Amino acid sequence: MRETIKKLTPKFLIRIYQFARYLGITALFFVCRIFPIKKNLVVLCNVWGYGDNAKYVGEELCRRMGKNKKMELVFVTNHPEQVPKNLPIRALKTNSPSAIFALSRAGVWVENNRKEAYIKKRRKQYYIQLWHGGIALKKIEGDSENVLGKPYIRRAKKDSENTDLFVSNSTFCTEMYKRAFWAKSEIVECGSPRNDYFVRAARGRQKKTSERKIAIYAPTYRGAGKNYCDFNAARLREALTKRFGGEWEILARMHPLVAGKQEFSQKEGIVDISDKPDLYSYLYFADVLITDYSNTMFEFSIAKRPVFLYADDLKVYRRERGLYFDFERLPFPKAYTKEELYTEIEEYKMENYVKKQEEFFLAAGLKESGMASATVAKRIEQIIFPD
């Protein structure tokens with residue numbers, strides 16, 4: 001309904017509304033500055049929903065509540081209804097007056113994306129940037145200025161200037177922060193909180209609890225007009241069974257910008273999980289990942305599980321977006337057509353790719369510890385409750 005109204009509304013009226021909204025939120029932030037900062041208030045933000053790195057830091061803080069009962073946790077998102085009611089976390093809607101009030105008074109900000117320009121940081125507030133990726137394939141931020149545009153780059157630079165701590169999962173990520181994020185503040189190399197599970201799984205300390213076999217198809221964003229659903233699910237399931245055995249369930253997770261705009265046939269057995277809050281809670285229990293240019297390829301493979309790349313528009317994407325690595329040399333099976341994907345699955349030899357993957361991670365300086373959530377939570381405790 002909202003999209004329909006937006007399409008029917010003249011562009012100049014949308015611009016007027018956006019400007020008025022910007023002024024209103026900016027004014028509210030200014031008014032809220034008369035209230036003192038609550039040092040023990042931690043506001044975690046992930047605009048897309050209750051998930052990603054911010055979720056796992058928040059839940060680690062919840063586990064530590066016994067030691068620090070005075071800590072107050074708030075999660076700000078577009079989907080506050082997704083935050084579990086049994087957790088000591090108050091859920092607030094992005095840009096609501098209560099969210100603005102919380103952000104203006106918090107002692108610590110924990111962010112998963114970028115903050116808007118109207119969100120004004122105060123001098124005694126501490127800002128932790130988790131980001132939503134580590135080792136990346138597609139170029140981002142300052143390395144992709146021509147694609148992202150000047151308004152976004154201005155906002156990104158301001159956001160990085162406000163950041164007190166960046167959380168990195170590798171030497172590659174750290175150097176990317178310094179260059180593409182214009183980072184001049186502290187960078188801690190402890191891994192990504194959402195990857196702690198994968199590290200434990202690789203060490204044999206985390207086992208799958210489900211007997212069913214799951215393949216997740218999770219492509220990155222390549223424009224609203226792209227058809228992301230063009231493979232034959234029955235043929236894909238046949239290839240998976242032939243190589244790995246068992247009965248397979250196929251889950252599809254679209255990028256939030258195209259979620260709900262792609263049609264999947266339930267008759268073919270594809271379950272669309274695009275509306276679910278956290279992709280990683282599904283990846284943890286998956287057996288196979290199929291993606292294209294998403295950094296989930298690196299993260300999922302930490303657990304020594306098969307990753308297949310289906311890139312039917314590589315030339316276009318490489319030209320328009322730019323890549324950090326030579327796609328053809330990535331340590332994963334690659335397919336450029338549907339039939340190639342089925343063949344790559346059927347002929348998969350794990351030992352061939354584990355060695356390549358280890359060499360790749362060594363060159364990228366992977367620093368996943370399995371304790372990233374605990375490391376960030378401990379830093380927050382130190383800020384709030386200094387010795």
Side-chain angles (χ1 to χ4, degrees), residues 38-103 105-113 128 130 132 167 190-201 205-212 214 216 249 251 253 256 259 271-286 299 303 370-385:
K38 293 181 68 175
K39 196 170 184 180
N40 67 330
L41 174 58
V42 180
V43 177
L44 305 108
C45 298
N46 182 35
V47 66
W48 301 115
Y50 182 67
D52 219 302
N53 288 315
K55 168 186 173 179
Y56 297 102
V57 171
E59 292 184 353
E60 177 64 26
L61 290 171
C62 288
R63 285 190 283 272
R64 292 165 172 260
M65 282 294 213
K67 293 188 294 183
N68 298 305
K69 292 182 179 178
K70 294 182 180 179
M71 192 181 298
E72 183 180 346
L73 303 179
V74 169
F75 201 101
V76 176
T77 173
N78 278 349
H79 301 283
E81 73 282 357
Q82 295 175 352
V83 180
K85 299 292 191 294
N86 63 329
L87 293 179
I89 301 177
R90 187 157 53 103
L92 299 177
K93 175 79 171 178
T94 304
N95 289 329
S96 65
S98 53
I100 293 169
F101 187 61
L103 280 165
R105 298 197 64 197
V108 179
W109 290 352
V110 181
E111 179 60 71
N112 215 87
N113 299 283
I128 299 175
L130 299 175
H132 47 277
V167 177
C190 63
S192 299
R194 68 188 189 186
N195 291 342
D196 287 345
Y197 183 100
F198 295 134
V199 177
R200 293 195 298 270
R205 290 163 46 197
Q206 199 80 42
K207 303 293 185 182
K208 268 196 66 171
T209 57
S210 174
E211 292 298 321
R212 63 179 178 168
I214 299 172
I216 294 183
E249 183 174 6
L251 310 182
R253 169 75 175 208
V271 179
D272 189 359
I273 59 168
S274 302
D275 62 340
K276 303 304 180 183
D278 185 28
L279 167 62
Y280 286 79
S281 62
Y282 288 86
L283 283 175
Y284 295 153
F285 302 103
E299 298 172 327
M371 296 294 292
S373 300
T375 299
V376 177
K378 185 177 180 181
R379 173 61 69 93
I380 292 170
E381 289 174 336
Q382 291 169 345
I383 295 163
I384 296 174
F385 310 112

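Bear in mind the structure is a predicted one, so any value in this text is a computation, not a measurement.
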- Message: Set out, in order, the CA-CA distance, both residues' side-chain angles and the distance that settles side chain to side chain contact (heavy atoms under 4.5 Å, CB included) for Thr77 and Cys45, then state yes or no.
- Response: CA-CA 6 Å; Thr77 173; Cys45 298; over 6 Å; no
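A donor-acceptor pair is defined here as one N or O able to donate and one able to accept, closer than 3.5 Å; no such pair exists between the side chain of Asn78 and the backbone of Thr94. Although no hydrogens or angles enter the test, the distance criterion places a donor-acceptor pair under 3.5 Å between the side chain of Trp109 and the main chain of Leu103.
Separating the OG atom in Ser192 from the OH atom in Tyr280 is a distance of 8.0 Å, to the nearest 0.5 Å. One finds the CG atom of Leu279 at 12.5 Å from the NE2 atom of His132 (value rounded to the nearest 0.5 Å). Within the model, atoms CG of Leu61 and CD1 of Ile380 stand 4.5 Å from one another, a figure rounded to the nearest 0.5 Å. Atom CD1 in Ile216 sits 5.0 Å away from atom CG in Leu251 (nearest 0.5 Å). One distance of note links CD1 of Ile384 with NZ of Lys38; it measures 11.0 Å at 0.5 Å rounding. Atom NZ of residue Lys93 and atom CD of residue Glu81 lie 7.5 Å apart, to the nearest 0.5 angstrom.
Ring pair Tyr284/Tyr197 is parallel by interplanar angle, where below 30° counts as parallel and above 60° as perpendicular.
Of all the heavy atoms in Phe385 and Met71, the pair that sits closest is CE1-CE, 4.0 Å. Summarising the geometry of Gln82 relative to Gly49, their closest heavy-atom pair is OE1-CA, 3.3 Å, with the distance given to 0.1 Å.
Under the ring pair (Phe, Tyr, Trp, His ring centres under 6.0 Å) criterion, Phe101 pairs with Phe35, not counting sequence neighbours. The side chain to side chain donor-acceptor pair (under 3.5 Å) test applied to Asp52 returns Asn112, Arg194, not counting sequence neighbours.
A salt bridge does not link Lys378 with Glu381: every distance from a Lys NZ or Arg NE/NH1/NH2 to an Asp or Glu carboxylate oxygen is 4.0 Å or more.
For the pair Leu92 and Arg90, the minimum side-chain heavy-atom distance is below 4.5 Å.
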